[in-house]
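First up is the structure itself, then whatever we jot down about it.
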Amino acid sequence: MDFDTHFKTALDDLRSEGNYRIFAEVERQCGAFPKVRHFNGDDIDEVTVWCSNDYLCMGLHPDVIGAMVDAVGRCGTGAGGTRNISGNTHLHRVLEEELAQLHRKESALLFTSGYVSNWAALSTLGSKIPNAVILSDEKNHASMIEGIRHSRADKVIWKHNDWRDLDRKLKAVGDRPKIVAFESIYSMDGDIAPMREIVEVADAHGAMTYLDEVHAVGMYGARGGGISEREGLAHRITLIEGTLGKAYGVVGGYITGSTALCDFIRSFASGFIFTTALPPAVAAAATASVRHLKQSGTERVAQRDRVARLRARLDAMGIPHMQNDSHIIPVMIGDPVKCRMISDILMQDWGVYVQPINYPTVPKGTERLRITPGPLHTDADIDHLVMALTALWKQCAISHAVA
Ligand code: PLP
């Protein structure tokens with residue numbers, strides 16, 4: 001086989017559909033964010049980032065940076081091994097204790113990313129609980145879908161956020177071990193799960209609940225424990241999964257739950273066992289970030305204020321955006337080529353960086369700009385973004401494509 005020809009044909013197909021991914025090359029700088037350096041061929045210009053998942057700018061916080069720098073100075077760079085073979089450091093254990101306390105669970109377990117934590121935990125639960133069935137919300141993230149697929153357990157998809165459909169499907173499964181897998185905030189639409197109803201239904205059928213709080217940890221709840229904390233439901237969820245790479249501004253993923261559950265995953269999950277542990281300095285920085293957001297609401301309040309202001313300004317200018325109760329503002333375009341083009345023009349002509357979100361991240365026909373205001377965006381930044389979008393809206397006549 002001519003492998004390269006195969007690769008190139010597949011890539012050409014992506015290009016012709018408008019779904020070829022082009023990464024913007026940027027560099028954040030402490031003190032300047034959300035302005036970043038943009039490497040544009042031989043030029044370097046300055047653009048404003050509107051699509052960061054470092055939602056609260058904790059990756060630039062002096063306490064978090066200080067913790068990382070200090071730990072690198074003391075402990076060096078890498079962990080030097082898997083958790084099992086010489087890579088299990090004191091800093092990992094401290095972070096796990098912090099995360100267990102955050103969600104008021106007995107135990108926590110770290111992974112190298114949120115993706116890996118979902119993939120490893122769900123594949124282990126599905127494959128190691130005899131006769132298990134996993135009931136998965138139809139909009140669950142790729143990492144959950146892949147974990148479930150890898151487990152080879154039976155899977156039942158329930159309608160998005162529809163607890164009545166979940167109830168029917170749980171009943172139909174009958175007397176088998178059942179795992180209900182869902183997210184608190186869905187990353188692309190920004191909608192929030194009806195958690196209480198889902199938990200009630202799962203309890204009524206004796207099912208375990210697996211909750212992805214990746215877009216909510218640090219952001220919601222009095223101590224940043226996510227939607228499950230805000231709703232007073234954390235104690236009713238069997239397993240809470242989260243990331244250290246979004247609101248906490250570092251990298252890594254984790255699960256929390258009972259001691260037996262975390263020990264079970266620790267002992268059987270290939271994605272935990274056979275990989276080098278997170279660098280200790282990453283664990284130190286994440287601990288500082290989690291601790292800070294447990295006692296400080298300042299960043300959350302400032303971020304919410306920016307979200308409200310941007311929504312109001314978009315409304316005033318007639319730019320349609322998806323309504324939801326979260327911090328994620330999807331501006332619908334509905335066409336992959338237009339979405340890419342608008343994003344390119346925003347970057348080149350307006351110094352505004354919003355990555356286009358196309359298939360397969362979202363279904364075809366629902367392409368969008370996913371805007372995430374942060375606490376450091378100024379009124380002037382917001383005005384500039386809205387002015388740019390308004391000009392483009394007229395220029396591209398895209399209003400018909402908006403859902
Ligand atoms: N779960 C959800 C819902 C996500 O949106 C993401 C990433 O965007 C992940 C898990 C993976 O988390 P991480 O980026 O830490 O790998």
Side-chain angles (χ1 to χ4, degrees), residues 21 23 49 51-56 58-59 64 95 99 102-103 108-123 125 134 136-150 157 160-161 180-193 195 198 209-220 224 226-228 237 239-256 265 269 271-272 275-279 282-283 285-286 289-290 322 324 326-330 354-363 366 368 370-372:
R21 287 167 187 245
F23 301 158
V49 179
C51 54
S52 175
N53 278 345
D54 185 356
Y55 295 129
L56 301 176
M58 291 303 291
V64 179
L95 175 55
L99 292 166
L102 175 68
H103 297 292
L109 191 66
L110 285 170
F111 295 83
T112 46
S113 73
Y115 187 102
V116 173
S117 58
N118 272 335
W119 182 84
L122 279 164
S123 61
L125 292 170
I134 304 181
S136 176
D137 183 287
E138 69 179 329
K139 289 207 175 166
N140 275 343
H141 186 255
S143 54
M144 300 170 85
I145 296 168
E146 289 299 331
I148 295 167
R149 183 179 297 161
H150 188 73
I157 310 281
H160 178 53
N161 278 348
V180 172
F182 66 112
E183 301 178 21
S184 57
I185 299 184
Y186 287 82
S187 65
M188 291 301 146
D189 291 352
D191 55 336
I192 300 181
M195 198 175 289
I198 291 171
T209 38
Y210 183 111
L211 173 64
D212 175 316
E213 286 258 37
V214 158
H215 292 278
V217 287
M219 302 287 292
Y220 298 85
I227 300 292
S228 55
I237 309 279
L239 183 157
I240 297 176
E241 181 270 347
T243 185
L244 303 165
K246 301 194 195 295
Y248 291 123
V250 192
V251 70
Y254 64 89
I255 59 163
T256 61
I265 305 291
F272 173 81
T275 189
T276 299
L278 284 173
V282 164
S289 188
V290 173
M322 215 183 242
N324 61 48
S326 77
H327 57 284
I328 295 164
I329 306 182
V354 196
Q355 188 70 19
I357 308 286
N358 285 358
Y359 179 82
T361 308
V362 294
T366 71
R368 67 198 65 184
R370 175 183 181 272
I371 303 177
T372 50

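Heavy-atom basis, side chains included; hydrogens, waters and symmetry copies ignored. Order of listing sets the numbers, starting from 1, for every ligand and every atom in it.
For the pairing with Leu244, the side-chain contact (heavy atoms from CB on, under 4.5 Å) check across Val282, Leu95, Val251 returns one residue only, Leu95.
For Ser326, the side-chain contact (heavy atoms from CB on, under 4.5 Å) criterion is met by Ile185, Ile192, Tyr220, Asn324, Ile328, not counting sequence neighbours. The side-chain contact (heavy atoms from CB on, under 4.5 Å) check on Ser52 picks up Arg28, Phe33, Val49, Asp54, with sequence neighbours excluded. Applying the side-chain contact (heavy atoms from CB on, under 4.5 Å) rule to Thr256 yields the partners Leu99, His103, Lys105, Ala108, Ile240, Tyr254; only residues at least two apart in sequence or on another chain are considered.
Neither side chain, Asn140 nor Asp212, offers a donor N or O lying under 3.5 Å from an acceptor on the other.
Sorted by chain then number, the residues whose non-hydrogen atoms approach ligand 1 to under 4.0 Å are Ser113, Gly114, Tyr115, Asn118, His141, Ser143, Glu183, Ser187, Asp212, Val214, His215, Thr243, Lys246.
The pair Asp189-Arg370 does not count as a salt bridge, with every side-chain nitrogen at least 4.0 angstrom from each carboxylate oxygen.
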